[in-house]
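A short worksheet on the structure shown next.
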Amino acid sequence: MMTEPKRVCVLGAGIVGMTTALMLKEKHAELDVTVIADKFEQDTLSDVAAGIFRPSTSFKGPTPEITKQWLVDAYHHYKAIQDSKEAAEAGVQEVSGYVLSSKFPEVTKNQFLEGLLPVYRPADELELKICPGNWKYGAFFTTLVIESRYHLPWLREKFEMLGGKIVKKTIDSFNDVYDYDLVMNCTGFGAKKLCLDHDLVPIRGQVFKVKAPWVKMFFYGDYDTYIIPGIDYVTLGGCRQYDSFKQEVDKYDSASIWERCVELLPNLKSAEVIKEVAGLRPHRTPVRVEREVIVTSGGKHLQVVHQYGHGGYGVTTAPGTAKYAVKLAEDVLGGHRSKVHAKL
Amino acid sequence: MVVKVAVIGAGIVGLSVAKVLQERFPNLTITLLADKFSPGTTSDGAAGLWMPFLLGDTPESDVYAYSKDTWDFLKELWNSPLGGKLGVSLVPCLQTSDTVSSIPSYSDFIYGFQVLKREELALYKKPQWKQGYRFVTFTCEGSRLMPHLMEQFRRKGGNVVVKRLECFEELASDFDVIINCSGIGAKELANDLSVHPIRGHIFRIKAPWQKSILIDDSDVGNYIIPNQDSVVLGGTHDKDQWDTIPRKEDAKFILEGCTSLFPSLEKAEILYEWVGLRPGRSQLRVELEKKMIDGKPLTVIHNYGHGGSGLTTFYGCALKVANLLEGILTSEDYLASKL
């Protein structure tokens, strides 16, 4: 009996979905992989993000060891791209900068980054005086910035070259994809509705994208103020509004963000504003990367690997959670039974 | 009695002197004379990295003083609303070398100066590198700062004359003081045999993803310096060579050497290739000379020989020139001679 290739669908075409789809296809050429999403590239949340590799100290996976492994895997994955010829097309840059605080020494420490990044050190007395303000604590480090504006098309091209398929479609329920052997659920904020997951909470953010080619370093100041250079534009942020569903730009947030950024880096006053955009970070504690068997309305047992709830750390951790999710996918496709069942 | 001052040279050195003198002595009549103006000067071609380099035997204390004053000026610009538009940028740097030398004195004010540990240096897999420093420094693009300085100079009443000067005597009857900022031109103008070109060959490429500087100071070493709209790849520092025609071997050395350090640069679009002559000298010369021409006293303040450190020392030198001029203007002999 001829076995047909196993059919996998990846729901979601943001950084998590596209990274997962490519990783799956690169590792298992024999699989039939289709990405299904309603939003692509510049319409995704990933596109809004500055893309700096910098997890919050509160970022949480199922265990501290797994969380750490995700970050280590993600960093090395991106660093290998940055060291290669493809860095520019893939939108991966190495960027250094400062995190400053006038009040909290903790803000400058990061248990994930120290020991992982090539440079992570306290800022010295003179460095604390670079930016206007009364900075008491600071750190300097060298990390990566992964710009989705370049990275998502790059992932797409590689995925399609390997025979991967992409379909634009809105999925309302898992019943819509009942006929796949495996579903990788990378729907980000969409998982709230798709999975009726009340633990998924939007954390609203807003940014400016400006043209300021003299800004080659990132700067973080108190209270969610950040300035992060990308390849063509600099991202100015931000805010972190828990449980806010507002997808439009808010003019009061604009005023606050602009004022805080210009105070930190006065030369931004002559930057050209390209656009303003808001987004809802799909936050969940912990990030959900696990198997589930969902019984469809037709009675089929659908194999699902969830991979969502990355909050503000989708770009930072996607290759790490994807590697972990691909292992779970291999368990499924290799016939290992899962203990978790759910009825739709 | 109006003192007439001529500034010779409209590179970063001449223009910054003109600016400082206008600010310090608002009643002075200042004329800027040059045959080359931005964007056609050596200062336009340079990457504008702040880092003392190729200053010959200039005393360490002078290098420190001139470069620190310039550092402070760049820092002030960086924190002003127009800082970026005026060409100033803050950039991290890795500086390596195949020889071990003593830690530079400017390490006490340059940002975050660190000596790389052996294990850190080894990670780069370049066995010829024996030493490495990390720090954060400024770049100042002359092509952006000079137009601003020129506009300010004109607006405040400065005169500009396009002229190629053959000798100081030509100006003796019209001016009381000459500030000689003629760069490589000083070899002929001041009859100074210790002036020599230090030939530099660079490529400018489009690589906006390159956000850090790497300088390999090894005898045969490359450098990569991002500017705002391009990245500079270098380089050469051939002494006493006057031709500015790019050589194939140098082009190969630069492109291959830089892409071996950062493979992503291979995909960058090359914008153009350029060869410039750094105005080298045995030492940087900032000093006063009193001449007598046809019975008339002429004061010349020399300000040339900046080698590879024009953008690193310009402001400090301009301040020194202003101090020397102040000394002259307030001296009794001078005031008496004007009666």
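All values reported here derive from a predicted model rather than from experimental measurement. Every chain is numbered from 1, with letters handed out A, B, ... down the list of sequences.
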### Message
Quick check: closest heavy atoms across Q93(A) and P208(B), and the distance to 0.1 Å?
### Response
OE1-O, 4.0 Å
### Query
What closest approach, in Å, do L126(A) and D108(B) show between heavy atoms, and which atom pair accounts for it?
CD1-O, 3.6 Å
### Query
Which residues, numbered in order, of residues 261-273 of chain B come under 4.5 angstrom of chain A by heavy-atom distance?
P263(B), S264(B), E266(B), K267(B)
### Task
Spell out the residues in residues 79-86 of chain B that have some non-hydrogen atom less than 4.5 Å away from a non-hydrogen atom of chain A, in order of number; otherwise answer 'none'.
N79(B), S80(B), P81(B), L82(B), G83(B), G84(B), K85(B)
Around atom [atom1] of [X], are there more than 12 heavy atoms from other residues, nucleotides or ligands closer than 6.0 Å?
X: E157(A); atom1: CD; result: no
X: K126(B); atom1: NZ; result: yes
X: E263(A); atom1: CD; result: no
X: K103(A); atom1: NZ; result: no
X: K130(B); atom1: NZ; result: yes
X: R155(B); atom1: CZ; result: yes
X: E160(A); atom1: CD; result: yes

Side chain / backbone / both / neither for [X] at chain B, heavy atoms under 4.5 Å:
X: A88(A); result: both
X: K211(A); result: neither
X: V119(A); result: side chain
X: Y98(A); result: side chain

### Task
Give every residue pair that meets the side-chain hydrogen bond (donor to acceptor under 3.5 Å, both in side chains) criterion with at least one member in residues 107-126 of chain A, sequence neighbours excluded.
R121(A)-E127(A)
### Task
Under the salt bridge (Lys or Arg N to Asp or Glu O under 4.0 Å) rule, collect the residues that match up with D47(A), sequence neighbours excluded.
K275(A)
### Query
Checking heavy atoms, do the side chain of R134(B), its backbone, both or neither come under 4.5 Å from chain A?
side chain
### Task
Go through the atoms of E141(B) and report whether side chain, backbone, both or neither lie under 4.5 Å from a heavy atom of chain A.
neither
### Task
In sequence, state the C-alpha distance, the side-chain angles, and the governing distance for L90(B) and F219(A), and then conclude on side-chain contact (heavy atoms from CB on, under 4.5 Å).
CA-CA 11 Å; L90(B) 187 69; F219(A) 298 89; 4.0 Å; yes
Shorter than 4.5 Å, heavy atoms on both sides: which option in [options] has the most such pairs with chain B?
options: Q82(A), E89(A), E147(A), E94(A); value: E89(A)
options: K85(A), K269(A), M217(A); value: K85(A)
options: D232(A), D83(A), I130(A); value: I130(A)

### Task
Could you walk me through whether W78(B) and W214(A) pass the side-chain contact (heavy atoms from CB on, under 4.5 Å) test, one step at a time?
CA-CA 10 Å; W78(B) 172 248; W214(A) 56 88; 3.9 Å; yes
### Query
Most heavy-atom pairs under 4.5 angstrom with chain A, which of T139(B), T259(B), D229(B), V136(B)?
V136(B)
### Query
Taking the side chain as C-beta and beyond, is there a heavy-atom pair between K211(B) and S96(A) under 4.5 Å?
no
### Query
Distance from F135(B) atom CZ to F140(A) atom CZ, nearest 0.5 Å?
11.5 Å
### Query
Do side-chain atoms of K216(A) reach the backbone of N227(B) as a donor and acceptor pair under 3.5 angstrom?
yes
